[in-house]
Participant: 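Here it is: the structure, laid out below.
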Amino acid sequence: MICDSQRSSDSVFCDIPTETPTEWCVKNVRFDEPDYRGPFRLEGRHYIEEPLNCWADKSITDLSIVAGTQIGKSSVIMAGSAWSIICDPSRVMWVMPSIDNSRNFSKTRWMTLLRASKPIADIIPKGSGRHNFNLLQQMLGGAIIDFTGSNSPANLASFPCRRVYQDEMEKFSTKDTGEANASDLADQRTKNQPNPFRVKTSTPGVKEGLIWQALEKTDIRRYFVPCPFCQKKGVFAWGKKYTVFKITGNEFFVRWDSEAKRKDGTWDLDRVERSAAYICPHCQGRITDSYKTVMDRNGVWIPTKEAAHGFRGYHFPSMYASSVETMVGKMAVKFLQQTHSLSGAQGFINGDLAEPYLAQDTLHQRKEMVQQRIEISDTWKPMMTVDCQAGTPAFWFAKGVFRDDAAQIIEAGSCEQWEELRLIQLASEPKIPDVLVGVDSGYGARSEAEVYKNCVRFGELKDKSLTCQTSQGLVNRIGAPILFQGWIPCQSMPGRKLWKNGESGLSDPFTIRSIDPFLGTQEAGKVDMPLFQFAADFFEDILDNMRRGMAGFKFSVSDNVDKGILTHNLYPMTSHIAIASSEEFWQHMDGHFKAVIQNKFSGATRHGWVKRHSHWPDHILDCVRNMVALANFFGFFSITNTKRE
Ligand SMILES: [Zn+2]
């Protein structure tokens with residue numbers, strides 16, 4: 001990719017240091033972070049040496065690093081940048097998912113490194129020049145480092161520069177960048193530059209995502225380490241089912257004592273942790289963590305495919321890191337906990353294995369149960385959710401009961417009037433409290449104002465704060481002059497957005513917003529009402545996992561719903577339309593499938609749930625999904641609980 005005239009321009013750098021970037025960094029770079037203080041070291045992570053040396057290799061134009069957590073991919077970029085400031089200065093644009101990410105990273109990690117590393121600290125501008133050294137821009141000798149966020153298209157498209165780093169690019173913004181995606185905009189800055197150097201790093205998401213697509217353009221190097229017993233080389237890998245790479249017979253796969261599985265199907269996790277090890281495919285040797293340091297030191301990166309000249313790629317699963325969290329037993333426990341939880345193993349596959357998610361953990365048949373209506377005791381929490389439509393029928397509803405290890409849909413149907421919905425609620429046994437009725441107010445066919453007004457009708461006004469127990473055992477309060485406590489308007493938000501929980505600092509897949517149901521009317525300002533917002537795809541995943549029986553969760557449908565016998569005489573009304581047949585119920589429930597969704601402007605991709613086709617009914621499915629979200633919010637079941645049969 002480099003023409004001869006560019007190559008010959010190298011000769012003007014007559015004082016290019018003879019040491020490699022890694023050698024220079026070992027001598028000169030110091031980290032100064034609360035958890036990581038001291039000189040740049042290679043012990044236990046010789047695997048970063050070759051990627052770091054790419055900074056001085058002018059034949060490489062595009063470097064892609066796909067890495068799991070604990071690998072230290074950011075420290076590779078930090079060290080490479082530090083080297084370049086002194087040894088090969090240029091203008092650099094460093095892109096993170098958002099400006100806030102950049103500011104925080106620069107403040108806590110990057111600036112502390114610059115001040116702690118002597119050759120760089122010596123050239124930090126002082127006096128009147130100190131304004132050239134701030135969080136988002138540092139001018140150091142002949143180098144300029146600019147930080148920006150993928151959510152700032154104007155910054156992304158300004159000045160030219162030779163080096164562009166895209167860090168955690170799988171989380172890049174997909175909004176507001178017009179026709180090009182943030183990643184392309186950033187790369188365009190290197191156009192017409194001699195020796196451009198474009199670095200992309202991230203933990204992966206789906207195969208179609210930006211970072212995996214970038215990696216696939218490269219020679220995809222994997223780190224081959226020698227077996228401590230037979231010295232034959234292989235790569236650390238989890239298992240056949242959990243890799244997108246072709247199996248070559250040179251994989252050190254993980255194995256643990258199969259007798260750690262109890263008769264009831266649960267795992268003895270202590271025994272799993274103690275017995276887990278990598279197995280050499282050549283000599284069947286049992287490779288434990290204590291060998292990792294020496295294996296790392298003698299490892300070698302080997303390309304696994306051919307690529308265009310200038311494209312270099314590295315794949316680093318967390319198994320190579322030598323931290324406590326990446327010990328094989330700890331990882332095995334984490335893996336089992338995630339695969340047996342309702343949230344599934346996507347986090348482990350992306351974050352630890354650094355592999356794209358292909359639903360590796362859900363490739364088994366759904367087991368859906370139709371049962372006699374369950375005996376409802378106090379442990380069951382009854383709920384009802386409503387989907388509003390513009391046409392006829394006006395409303396679809398579902399009623400269900402939840403507890404920590406099971407749920408059953410006990411009724412479903414449709415009707416035409418708000419008053420009928422009220423009667424359907426009141427006719428329930430066990431009684432459904434007003435706050436456990438969720439009414440869809442999102443993207444409404446019916447106006448939000450109408451939904452809010454009717455929620456107020458079927459509840460009561462209270463003058464004290466509403467307290468809710470959430471799945472994390474936390475309490476959300478909504479202070480208000482007069483507070484409404486009744487049917488809850490629900491709004492599903494597309495995707496898997498998480499909201500920061502103010503009190504715990506954790507992220508929740510839902511939030512409560514305080515709204516004024518009478519906004520814009522004479523009654524405005526008198527009542528505060530909670531609006532429940534949640535991540536639709538997140539909870540549709542949870543529902544799907546429940547229906548598959550993951551984590552031992554028992555999801556069932558009462559046989560009267562399945563047979564479609566919701567009769568008119570159950571509710572004293574005329575316009576009620578019962579579910580005509582079980583097929584109708586199951587048609588709704590199967591109304592969505594999981595697909596790769598591409599943003600047509602940004603090109604970014606994600607896995608999401610889409611309608612089978614535009615006329616396929618899915619209203620009961622929406623009701624049930626909303627019920628799952630609300631049940632989780634109220635803490636009726638826990639997503640992370642794995643101690644089930
Ligand atoms: Zn061996």
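In listed order, ligands and their atoms are each counted from 1.
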Participant: Would you say the rings of Tyr320 and Tyr223 are close, in the sense that their centroids are separated by under 6.0 Å?
Facilitator: yes
Participant: Is there a side-chain contact between Lys27 and Phe40 (heavy atoms, below 4.5 Å)?
Facilitator: no
Participant: Near the Zn ion (ligand 1), which protein N/O/S atoms are found at less than 2.8 Å?
Facilitator: Cys227 SG, Cys230 SG, Cys280 SG, Cys283 SG
Participant: Let me know which of Asp289, Ile287, Thr288 forms a side chain to side chain contact (heavy atoms under 4.5 Å, CB included) with Val328.
Facilitator: Asp289
Participant: With rounding to the nearest 0.5 angstrom, report the CD to NZ distance, Gln213 to Lys200.
Facilitator: 12.0 Å
Participant: For Phe245, does the six-membered ring have the charged nitrogen or CZ of Arg222 within the cation-pi criterion, i.e. under 6.0 angstrom from the centroid and within 45° of the normal?
Facilitator: yes
Participant: Using a 6.0 Å distance limit plus a 45 degree cone around the ring axis, check whether Arg286 lies over the aromatic ring of Phe252.
Facilitator: no
